[in-house]
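Worksheet for the structure shown next.
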Amino acid sequence: MAVIKRGHSTDVISSSVPLQILFYLNMFYYIFYFLATLLMIIYKSTVFSYPDSNLAVDLALLFIMVLLEVIRLYMGVSGNLTEDKTALAASLILSFGSIILSVYFLVWQTYVLWADEIISIILLVFYSLEDLLKFAAIASFASNAFA
């Protein structure tokens with residue numbers, strides 16, 4: 001938390017630096033996650049007997065997850081930098097959808113490889129840490145609004 005003095009008033013900056021770092025790291029990790037998952041789905045569809053309907057579902061959910069992730073990260077980053085509780089809360093709500101889709105790719109997709117498990121668990125750790133820091137940031141923003 002930084003304090004900036006302007007004239008006679010004091011402004012407190014309560015944006016979360018650890019949260020911003022996690023958002024930044026998650027952007028790069030998610031690109032890796034998406035590409036690795038897409039390549040593994042292509043691999044599984046060529047090596048194993050992958051039913052076409054399941055392949056379509058897995059690909060559709062992966063692309064829905066990309067859309068959800070882009071919106072979630074945008075709302076989170078902008079909410080943290082502008083100290084907007086509503087945007088950060090929206091990012092927190094969107095996290096639950098991302099978590100469900102991550103669990104799908106961890107447990108419920110047609111074929112789950114050990115690499116799927118590893119990258120999905122790492123993504124879930126990112127989500128967990130981000131959500132804890134989002135709660136703390138929202139609480140900080142709310143307390144500064146009343147101070």
Q) If we only count heavy atoms from C-beta on, is the L129 to L19 side-chain gap below 4.5 Å? A) no

(Q) Can you tell me how far apart CG (L133) and CD1 (I138) are? Round to the nearest 0.5 Å. (A) 11.0 Å

Q) Is there a donor-acceptor pair under 3.5 Å between the side chain of S15 and the backbone N or O of N80? A) yes

Q | Within-4.5 Å side-chain heavy-atom neighbours: F141 and D84 | A | no

Q. Taking C-beta and beyond as the side chain, do R72 and Y127 meet within less than 4.5 Å on heavy atoms?
A. yes

Q. Is the shortest heavy-atom distance from the side chain of I122 to the side chain of F126 under 4.5 Å?
A. yes

Q. Can you tell me how far the OG atom of S102 sits from the CD atom of E69, to the nearest 0.5 Å?
A. 7.5 Å

Q.
Working to the nearest 0.5 angstrom, can you tell me the gap between Y50 OH and Y111 OH?
A. 8.5 Å

Q) Mind checking whether E83 and S14 have side chains closer than 4.5 Å, heavy atoms only? A) yes

Q. Is there a path of hydrophobic side-chain contacts, each under 4.5 Å between heavy atoms of I, L, V, M, F, W or Y residues, that connects V70 with I93?
A. no

Q.
Just checking F28 against F32, ring centres under 6.0 Å apart?
A. no

Q) So among D116, D58, T110, which one has a side-chain hydrogen bond (donor to acceptor under 3.5 Å, both in side chains) with K44? A) D116

Q. Is it the case that one hydrophobic cluster holds both V112 and I100, taking links as side-chain heavy atoms less than 4.5 Å apart, direct or via other members?
A. no

Q.
Let me confirm one number: the OG-OH distance from S91 to Y74, rounded to the nearest 0.5 Å.
A. 12.0 Å

Q: Would you tell me whether S95 and K134 have side-chain atoms, one donor and one acceptor, within less than 3.5 Å of each other?
A: yes

Q | Atom pair CG/OG1 of L101 and T37 - distance to nearest 0.5 Å | A | 11.5 Å

Q | Single-linkage hydrophobic cluster L38~W108, side-chain heavy atoms < 4.5 angstrom | A | yes

Q.
Does the plane of the ring in F34 sit parallel, tilted or perpendicular to the ring in F63? Use 30° and 60° as the thresholds.
A. perpendicular

(Q) Measuring from atom CZ of F105 to atom CD1 of I41, what distance do you get when rounded to the nearest 0.5 angstrom? (A) 5.0 Å

Q) Going by heavy atoms in the side chains, are L92 and F135 under 4.5 Å from each other? A) yes

Q) Can you find a heavy atom in the side chain of N144 that is under 4.5 Å from one in the side chain of S140? A) yes

Q.
Could you see if V17 belongs to whatever hydrophobic cluster contains L132? Use Ile, Leu, Val, Met, Phe, Trp, Tyr and a side-chain cutoff under 4.5 Å.
A. no

Q: Indicate, with yes or no, if L39 and V66 share a hydrophobic cluster defined by side-chain heavy-atom contacts under 4.5 Å among Ile, Leu, Val, Met, Phe, Trp and Tyr.
A: no

Q: Check whether any side-chain heavy atom of M65 lies under 4.5 Å from a side-chain heavy atom of Y33, and answer yes or no.
A: yes

